[in-house]
Amino acid sequence: MVFMGDRATLLETGRFVQRRGQKADKVADAAFAAVIAGAAGAGASAPGPRDATTAGEAGPAVEASARGRGRTTSETTATVGHVDADAVHATGATGVTTPDAGTTDAVDAADSAETEARHRRAAEAGDTASMSVLGALLLRRGELDGAETYLRAATADGDRAAANNLGVLLHQRGYPDEAAGWWRIAAVAGSAAAAHALGRHFRERGDEPGAEYWLRQSAEQGHALGAYALADLLEHRGDIGAERWLRAAAEQGHREAAYRLARTLERNAVEDPHDAFGLGRGTGTGRSTPGLGLPGDPDARTPSAAGAKGGKSGDSPVAGPATGRVGEAEQWYRRAAARGHRRAALHLGAILEQRGELKEAGRWYLTAAKDGEARAACALGFLLRDAGDEESAAVWWLRAAQDGDGNAANALGALHAARGEQQTAERWYRAAMDAGDVNGAYNLGLLCAAQDRTPQAEQWYRRAAYAGHREAANALAVLLLQAGDHTGAEPWFSKAAEAGSVDAAFNLGILHAGRGEDRTALGWYQRAAAAGHTDAALQVAMALLRDGEDREAERHLRCAAGGGSAEAAFRLAGVLDARQPPPGPPALGEPMPEKTECEEWYERAAQQGHRRAQVRVGMLAAARGDVESAAHWYREAAEAGSRNGAFNLGLLLAREGSEREAALWWSRAANAGHGRAALRLALLAARRGELTEGQRWCARAVELGPAEVSERAARLRDALHQELTA
């Protein structure tokens, strides 16, 4: 069913010949305002050219006025009764008055057979107000022939509401020009509903100045639909004032106006609303290629440039920082969502999720999902997945995917891929692609690449890349580069980098560095580093260190180290270490000195498995007299293959009296090319009287160096030779 929007109560009284006094006018206006302001679902929704929930705007409202026999010029307002906006649209009606739930008793009375019979008797006796009310009742029921007779009779007697309702009837019958004539008469007589209908009529005809004039007349009389339609027109034209009228309609309970006002406020508060927060998460299935920035973590939470949100353009959920007017936008989202606006509930859930209020976010997602909002179902699935309930997440993703949400289909694909169900994963990725989500093709490429189906992976990457998917372009370039096609890879790297791919910018740096084009490579590294790429920041820092710019290098090293780079942490520690004098051994009885910042960075790198950092931490611990810690870190480094770690561990063990174990570690270091370890083994063999063994290690030490070690080893070798030949 196509939704027209919220229900609205638009009740007016009056005559073409103004017989009422000023006091009566105020009473009628107050009654109208009270009904609108109190309506739980007041205000019909209308689509704007940019952003709308509903398929069509509620048309002109049926008005009804009642005047008892023999009454004075003061008139009372009669309700027509509840009419569901969806039902009205389905029957082709362009608009009907719908009262607030608080007027149920009045509606029931008006709808009762007894009341209708009373109005029918009064109408047959010539009572104008009863003819108008009876015509409105029949119009609401769809009895157009009977309604027209009474409405024309009441209109002939000068009833303003009847003129408006006659316009509604004629519009339903396909006579828009004649309907506009009656609306003009009613609007000139002061009918805000008729002015709104006339304004919409002119807009449909392309007469925007005429539409603006009548919509403004309606809006200035406090008509919620008129204010919303005027705001929609002004926003479409890019004129100022749209926000003011959206606010006016929203304050009267128009839920679509409240939603669009929130969207406007949020766009003004957040620089880039489409990237500030996205419900869509990345759902890749591959892993990064070592040394190259190839994305594909299935837990990635940021959609790619191609738009993993799976929704309509321009309406992605936003949850930017809680600055500016975002807080006010949240309040309007709440008001619209509380009135059943499912897209407002979706946006509200996104804001709350971004803020960490996951339970409330889940409730709003659930509300929107139950109302058929596929993206809310998808977002709810991610919340459940993050909470560890994959089975429930899959249920909501399935529901969203069946409703055409490509991001949910991608999520299902990633879920099945993680379980090793490759065929099912591929089916869902294809479904995502069929839903218009280019991430489907990208994820198919990742899936094929993980299975070593390189030609198929290239095919899917190429398809996604041609559709504008920047990470697919980067992945395609990586494949081409691995195949030796440097010429074909570079344009795709460039295209991806220009589209904002940080990995592609880093990869271009690697490409140019391999050609010896250091200046160009540095430019791409700097670009990637500015976007937060850890390895790029490290490369920039190393270039700065080579140029002697330690301070600037330190800034980049801190960024890279903070991003988890063990090498950056090690080099940052080295920069800091070089600025401080070497600590001397603690004096007897002095407390052990606290760790410096450089030692903390060394330890961070060491804990990440950086062998040189482990050796350095061991040396610092040994200098402090912390033999246990020193031995621990030396052993960690040695077992990971560090010859310096093995040599230092041997020294430490020898000092502690474990010479036999020390020899084992020195042997490992010497066999790995450590000259000092070979010299130590030669000295150890000489002390034991193993002269031949000593000569062998001396020869090894001379070969390995450095120069000082080679010189000492040569002298020891000569001495051993003399001893053997004596």
Side-chain angles (χ1 to χ4, degrees), residues 290 565-574 577-578 582-583 585 592 595-596 598-717 720:
S565 171
E567 182 66 24
F570 172 72
R571 291 183 178 273
L572 174 60
D577 202 2
M592 187 175 292
K595 295 178 182 177
T596 62
C598 75
E599 187 170 356
E600 289 176 354
W601 283 112
Y602 277 135
E603 283 194 2
R604 181 179 295 193
Q607 288 164 357
Q608 293 176 257
H610 194 287
R611 293 183 300 178
R612 293 172 65 191
Q614 289 169 340
V615 172
R616 185 59 181 155
V617 171
M619 292 172 65
L620 291 172
R624 288 199 312 271
D626 188 354
V627 177
E628 185 177 349
S629 293
H632 165 74
W633 287 114
Y634 286 151
R635 193 177 298 276
E636 287 282 329
E639 290 177 349
S642 169
R643 60 189 185 186
N644 284 329
F647 174 71
N648 287 354
L649 179 59
L651 289 177
L652 198 65
L653 291 169
R655 291 194 194 105
E656 296 295 317
S658 302
E659 198 171 73
R660 184 177 297 277
E661 187 180 356
L664 293 175
W665 288 109
W666 284 335
S667 296
R668 181 181 292 191
N671 290 330
H674 198 288
R676 293 183 187 278
L679 180 58
R680 287 280 178 176
L681 288 168
L683 290 169
L684 184 61
R687 284 202 305 271
R688 292 174 178 173
E690 300 171 356
L691 303 183
T692 304
E693 181 72 6
Q695 277 191 314
R696 185 174 70 82
W697 284 116
C698 282
R700 180 66 172 157
V702 169
E703 178 186 349
L704 295 174
E708 177 193 353
V709 170
S710 297
E711 184 180 346
R712 290 178 60 193
R715 289 200 301 268
L716 179 59
R717 181 186 57 188
L720 291 175

Rounded to the nearest 0.5 Å, how far apart are NE2 of His610 and OG of Ser565? 8.0 Å

When rounded to the nearest 0.5 angstrom, what is the spacing between CD in Glu659 and CZ in Arg687? 5.0 Å

Would you name the heavy atoms of Leu653 and Ala662 that are closest together and state the gap between them? CB-CB, 4.0 Å

Do Arg635 and Glu661 meet the salt-bridge criterion of a basic N to acidic O distance under 4.0 Å? yes

Tightest non-hydrogen contact, residues Leu716 and Ala682, listed as CD2-CB, 3.9 Å

Could you grab the distance from atom SG of Cys698 to atom CG of Leu681, nearest 0.5 Å is fine? 10.5 Å

Have a look at Tyr602 and tell me which of Val615, Leu572, Asp577 forms a side-chain contact (heavy atoms from CB on, under 4.5 Å) with it. Asp577

Output the distance between atom CH2 (Trp697) and atom CZ (Arg700), rounded to the nearest 0.5 Å. 7.5 Å

Given side chains that start at C-beta, do those of Trp666 and Phe647 come closer than 4.5 Å, heavy atoms only? yes

Are Arg715 and Arg712 side-chain neighbours, meaning at least one heavy-atom pair lies under 4.5 Å? yes

Is it the case that over 12 heavy atoms from other parts of the model lie below 6.0 angstrom from the CZ atom of Arg696? yes

Walk me through whether Asn648 and Leu651 qualify under side-chain contact (heavy atoms from CB on, under 4.5 Å). CA-CA 5 Å; Asn648 287 354; Leu651 289 177; 4.1 Å; yes

Residues Glu567 and Arg571 bridged, charged N to O under 4.0 Å: yes

Which pair of heavy atoms, one from Leu649 and one from Ala631, lies closest together, and at what distance? CD1-O, 4.0 Å

Interatomic distance, Cys598 atom SG to Glu603 atom CD [nearest 0.5 angstrom]: 10.5 Å

When every non-hydrogen atom of Ser710 is compared with those of Ala701, the smallest separation belongs to OG-O, 3.8 Å

Measure across Trp633 and Ala606 and return the closest heavy-atom pair with its distance rounded to 0.1 Å. CZ3-CB, 3.6 Å

Test Leu720 against every option in Glu690, Gln695, Glu693 by the side-chain contact (heavy atoms from CB on, under 4.5 Å) rule and name the one that passes. Gln695

From CA spacing to verdict: side-chain contact (heavy atoms from CB on, under 4.5 Å), Leu684, Arg688: CA-CA 6 Å; Leu684 184 61; Arg688 292 174 178 173; 3.7 Å; yes

Would you indicate whether the side-chain heavy atoms of Pro706 and Arg676 approach each other to under 4.5 Å? yes

To the nearest 0.5 Å, how far apart are CD in Gln614 and CD in Gln608? 10.5 Å

CZ (Arg680) with more than 12 external heavy atoms under 6.0 Å: no

Do you know the tightest heavy-atom contact between Ala621 and Ser629? CB-CB, 3.9 Å

